[in-house]
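Report on the following structure.
Hydrogens, waters and symmetry mates are skipped; everything else that's a heavy atom, side chains included, is used.
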Amino acid sequence: MARPEQVLLLEPQHELKFRGPFSDVVTTNLKLSNPTDRNVCFKVKTTAPRRYCVRPNSGIIDAGTSINVSVMLQPFDYDPNEKSKHKFMVQSMLAPPDMTDMEGVWKEAKPEELMDSKLRCVFDMPVENDKSHGDTEPNKISSSILKSDSSTLSAKSLSSTLDDGEVKKIMEECKRLQMEAQRLREENKQIREDDGLRMRKSNVMSSQHASVVVKKDEGLSARTVALIVLFFVVGVIVGKLVL
């Protein structure tokens, strides 16, 4: 058996449009009107329940009245190449005259008593936002240039606000710092020269000590050779006398 035609009037009828940017919650409204002379129960369902918050998502619309449903899309990273597959369904049924428990009525409802309308979701990103995404690098460069210009201007404006006395103090402080730096450089140079002189003296003393040791060794070796020669000669003479 075919389901009955939807008695509620939906505005919009076929699409729920969400306009970016989507870095924050985006809300669109769905108006449900009941033109009949009976109360109507309704429910709003979606294929992506984690991405949307619907208030109210169910209730009763009195005869001849309407209600606004707020559909809130949660923040996400928008991809213009990705098509939205999200859908919503507004399900309704005529409320029984003696209804006291709406959840019980939905559970006991027969399929032929239920009416539904479907809407698809459309994501609309502003053109200027797309351009900003496409020109990210130029924007970064221009923003850095603007920052440097603003810092230069702020420095100029700061100097213009100083009076002559403050400028003179600053100049004197700069001069004093330059003189202090020069003095430190000269002290550093003198320290390096003193270190070089001490190293040269140390090298000279070590070389002199080495030459003295060599001379002593040479003297000792010459005496030893002379004694050996002397003993040899004496031995030869004694040998001849014995013979």
Side-chain angles (χ1 to χ4, degrees), residues 1-140:
M1 182 177 177
R3 289 189 176 186
E5 188 177 354
Q6 176 68 270
V7 295
L8 295 178
L9 301 178
L10 279 64
E11 186 181 346
Q13 295 183 353
H14 306 293
E15 292 181 346
L16 287 176
K17 290 187 177 181
F18 298 88
R19 186 173 179 81
F22 301 102
S23 57
D24 201 354
V25 176
V26 179
T27 303
T28 189
N29 292 319
L30 172 64
K31 185 178 181 180
L32 304 178
S33 300
N34 178 13
T36 68
D37 56 356
R38 293 184 58 180
N39 296 343
V40 176
C41 301
F42 77 93
K43 274 186 177 182
V44 181
K45 298 180 178 180
T46 179
T47 57
R50 294 184 179 180
R51 299 286 297 275
Y52 298 90
C53 182
V54 182
R55 293 290 182 273
N57 59 1
S58 63
I60 300 174
I61 304 175
D62 295 334
T65 62
S66 62
I67 189 172
N68 285 323
V69 177
S70 296
V71 182
M72 291 162 277
L73 173 63
Q74 302 304 304
F76 73 102
D77 294 330
Y78 174 72
D79 185 0
N81 298 321
E82 181 181 356
K83 293 184 179 180
S84 173
K85 298 180 180 179
H86 303 166
K87 294 181 180 180
F88 277 81
M89 182 177 70
V90 178
Q91 199 171 43
S92 64
M93 62 179 292
L94 296 174
D98 55 349
M99 184 187 69
T100 56
D101 181 13
M102 187 169 62
E103 288 298 325
V105 171
W106 282 109
K107 290 180 181 179
E108 296 173 2
K110 298 177 181 179
E112 59 270 16
E113 297 176 344
L114 300 177
M115 301 167 281
D116 60 62
S117 298
K118 295 179 181 179
L119 303 93
R120 68 186 188 94
C121 297
V122 177
F123 299 150
D124 183 18
M125 177 65 76
V127 177
E128 59 270 17
N129 207 294
D130 290 337
K131 288 182 179 179
S132 65
H133 280 288
D135 301 331
T136 304
E137 291 302 325
N139 285 343
K140 287 183 179 178

Inset, instruction - List in chain and number order the residues that pass side-chain contact (heavy atoms from CB on, under 4.5 Å) with P96, two or more places apart in sequence or in another chain; answer none if no residue qualifies. - result: D98, M99, V105
Legend entry - Residue pairs fulfilling salt bridge (Lys or Arg N to Asp or Glu O under 4.0 Å) with at least one residue in residues 113-125, sequence neighbours excluded: R3-D116, E15-R120, R19-D124
Inset, instruction - Calculate, to the nearest 0.5 Å, the distance between atoms OG and CD1 belonging to S58 and I60 respectively. - result: 9.5 Å
Legend entry - Separation of R51 CZ from F18 CZ (nearest 0.5 Å): 10.5 Å
Inset, instruction - Kindly indicate whether the side chain of M125, heavy atoms from C-beta on, has any atom under 4.5 Å from the side chain of P80. - result: no
Taking only distance into account, with no hydrogens and no angle test, what donor-acceptor pairs under 3.5 Å do side-chain atoms of residues 27-37 form with protein atoms, sequence neighbours excluded?
from: T28; atom 1: OG1; to: K17; atom 2: O; distance (Å): 3.3
from: N29; atom 1: OD1; to: S70; atom 2: OG; distance (Å): 3.3
from: N34; atom 1: OD1; to: T36; atom 2: N; distance (Å): 3.1
from: N34; atom 1: OD1; to: T36; atom 2: OG1; distance (Å): 2.6
from: N34; atom 1: ND2; to: R38; atom 2: O; distance (Å): 2.7
from: N34; atom 1: ND2; to: I61; atom 2: O; distance (Å): 3.1
from: N34; atom 1: ND2; to: D62; atom 2: O; distance (Å): 3.2
from: T36; atom 1: OG1; to: R38; atom 2: N; distance (Å): 3.4
from: T36; atom 1: OG1; to: R38; atom 2: O; distance (Å): 3.0

Legend entry - pair L114-W106: side-chain heavy atoms closer than 4.5 Å: yes
Inset, instruction - Using ring pair (Phe, Tyr, Trp, His ring centres under 6.0 Å) as the criterion, list what pairs up with F88, not counting sequence neighbours. - result: Y52
Check: residues 39-49 side-chain donor-acceptor pairs under 3.5 Å, at least two apart:
from: N39; atom 1: OD1; to: A63; atom 2: N; distance (Å): 3.1
from: K45; atom 1: NZ; to: Q91; atom 2: OE1; distance (Å): 3.3
from: T46; atom 1: OG1; to: A48; atom 2: N; distance (Å): 3.2
from: T46; atom 1: OG1; to: K87; atom 2: O; distance (Å): 3.2
from: T47; atom 1: OG1; to: K87; atom 2: N; distance (Å): 3.0

Inset, instruction - Please lay out, stage by stage, how V25 and Q74 fare under the test side-chain contact (heavy atoms from CB on, under 4.5 Å). - result: CA-CA 5 Å; V25 176; Q74 302 304 304; 4.2 Å; yes
Inset, instruction - Fit a plane to each ring of F123 and H86, take the angle between them on a 0 to 90° scale, and name the class: parallel (under 30°), tilted (30 to 60°) or perpendicular (over 60°). - result: perpendicular
Inset, instruction - Quick one: pull up CE in M93 and CG in L8 and give me the separation to the nearest 0.5 Å. - result: 12.0 Å
